[in-house]
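For reference, the structure discussed in these notes is given below.
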Number of protein chains: 2
Amino acid sequence: MNMSSANVSERAQQPPALAISTVIFALRPDSERTRPTLWLPLVRRTRQPFRDLWALPGGPLSATESLQDAAARNLQETTGLQPSYLEQLYAFGGLDRSPSQRVVSIVYWALVKPDEAALARETENVRWFRADRLDKLAFDHNLIVDYGLWRLRNKVEYGSIAYDLLGDRFTLAQVREVYEAVLGRTLDPANFRRHLRATPDIEATDEYLQGVRHRPPRLYRYTGAAAQRNNGPLSQSG
Amino acid sequence: MNMSSANVSERAQQPPALAISTVIFALRPDSERTRPTLWLPLVRRTRQPFRDLWALPGGPLSATESLQDAAARNLQETTGLQPSYLEQLYAFGGLDRSPSQRVVSIVYWALVKPDEAALARETENVRWFRADRLDKLAFDHNLIVDYGLWRLRNKVEYGSIAYDLLGDRFTLAQVREVYEAVLGRTLDPANFRRHLRATPDIEATDEYLQGVRHRPPRLYRYTGAAAQRNNGPLSQSG
DNA sequence: GCAAAAGTGTTCTCCCTACACCCATGA
DNA sequence: TCATGGGTGTAGGGAGAACACTTTTGC
């Protein structure tokens, strides 16, 4: 810590390091609440700086893969997760993000379906946290998560992102719960239902959810093409 | 060109280079049309690769400045422009963006006001082009410009971006012309006017535009805080 | 039967659109 | 006085909010 002034002149010489990180959101049942809430996996830092603090999964950019591929790979390596949605979030390049070296992080955000999230390995150094109950993370990662939540909220309001947080069969109430968890407010069930029925790409099946202590709700499928929902620049050059 | 295979193995060794580029939009009167249209300044490449093709202004990231500062600086250096709006567009990191070296470009987009744009120096190697009439640019810069146009369209529909393309006094019809130029379609003058009058932050002055061959329109000012309209992550760490 | 959530119907309001119409100026 | 765009009024349609109501299950 007392070498900071030495670092400043030192850092001016070397080029900034380039890293890829990922904010991963999944819907998980909360033991305290009856509704599912948003969670994200974090990794514990085993080295300085910020040793023992929790941080977003990430790593350096390999020279032979695209940014998106790099994000998907280190997400796979650290958490074992395969995302159903993956998009660039933002490039963070402030001077004081890391105390030791200047680091420019290109951050992606991902959504994973519940069955995938259940398979995710949790170890001593990888754990899930509620997105709205994070304490101090390493680097500027609190800021990054908050921005990811902001983007998620914006996308869910006008887009078909919600189905990337659900399995292939779901009730309309489950879709509403996704919206409520993301937006942080309740929605009128009747109007929300009508809204969904009016949109295309949501197809009723002849199956019903069993084992509930009330009238069994019908199950639906999402038929929109997942690959075409990524509205960054075309997949090339990303 | 015949050294491409040698480059591939060579490139796998060295880390990707990091560069900053900027897409700059301004409203300019078009000699052919009566309405102003969107233009952007480009620089002619004087070196390989893509020598003599036009490209976005840009350069390497200096080690001691933030990403946003770097974008503002090279925009100032190459075109002499000071933007009224500057925001990160996207990070482009595809493997084949540059034939020689792997380059990751963090691209910003900017809006400049007409008086600023008029001051911009045009030289042999810096020239303005109509945004909707670009021929083949260097690298993947056509893709980047198209994505910038897409973002501009999205922001103008729900946001107060239009005033960054106008001077400090403007008629409501001029605002409408900005929308029409950006969105590429005409809008109902009556309804658009009502819409603007209903929004806050647009204040009527007691001045009128003179020298028109019809009823002189009233001039308005925008009173919204320009600095608070940047809704990326907070200005730190950007 | 009762609770609880699924699912339907209805009304009200607000916003957007289209379009008719007057106003003020230069030529 | 005529052409042109500034500026106002107004009627119709569509989407969303609020909420009453019926249906179907488990207990």
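Residue numbering restarts at 1 for every chain, and letters A, B, ... go by the order of the sequence lines.
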Nearest to the side chain of A:P217 - C:dT17, C:dG7, D:dA18? C:dG7
So for atom CZ, which belongs to A:R213, do other residues, nucleotides or ligands contribute more than 12 heavy atoms lying within a distance under 6.0 Å? no
Name the orientation class of the two ring planes belonging to B:Y147 and B:Y90 (parallel below 30°, tilted from 30 to 60°, perpendicular beyond 60°). perpendicular
Whole-Å distance between D:dG9 P and B:F192 CZ? 20 Å
Rounded to the nearest Å, what distance is computed from the OH atom of residue A:Y179 to the P atom of nucleotide D:dA17? 13 Å
So B:R194, base contact, sugar-phosphate only, or nothing? Heavy-atom distance under 4.0 Å. base
Looking only at side-chain N and O atoms, does A:R193 come under 4.0 Å of OP1 or OP2 in C:dT8? yes
Between C:dA5 (P) and A:E180 (CD): distance, integer Å: 12 Å
Between B:R176 and A:G211, who's closer to the 5' end of DNA chain D by nearest nucleotide? B:R176
Length of the CG-P vector between A:L196 and C:dA6, whole Å: 13 Å
Whole angstrom value for the distance that separates P of C:dA5 from CD of A:E177: 10 Å
Below 4.5 Å, heavy atoms only, C-beta onward: do A:Y179 and A:H195 meet side chain to side chain? no
Compare the minimum distances between each of D:dT23, C:dA4, C:dA18 and the side chain of A:R215, then state the nucleotide with the smallest one. D:dT23
Which whole-number value in Å describes the distance from A:R218 CZ to D:dT25 C1'? 15 Å
Would B:F170 and B:Y222 count as a close aromatic pair, with their ring centres under 6.0 Å? no
Where the side chain of B:P216 is defined as all heavy atoms beyond and including C-beta, which of D:dT10, C:dA6, C:dA24 is the nearest nucleotide? C:dA24
Just checking B:R197: base, sugar-phosphate only, or nothing, at a heavy-atom cut-off of under 4.0 Å? nothing
Take the protein atom CG of A:N191 and the nucleotide atom C1' of C:dC14, then report the distance between them rounded to whole Å. 15 Å
Select from B:H195 and B:A190 the residue whose nearest nucleotide in DNA chain C is closer to the 5' end of that strand. B:H195
Specify the separation, in whole Å, of atom CD of B:Q210 and atom P of C:dA24. 15 Å
Just by modelled atom types, is the A:Q82 backbone N or O under 3.5 Å from a matching donor or acceptor in the A:E116 side chain? yes
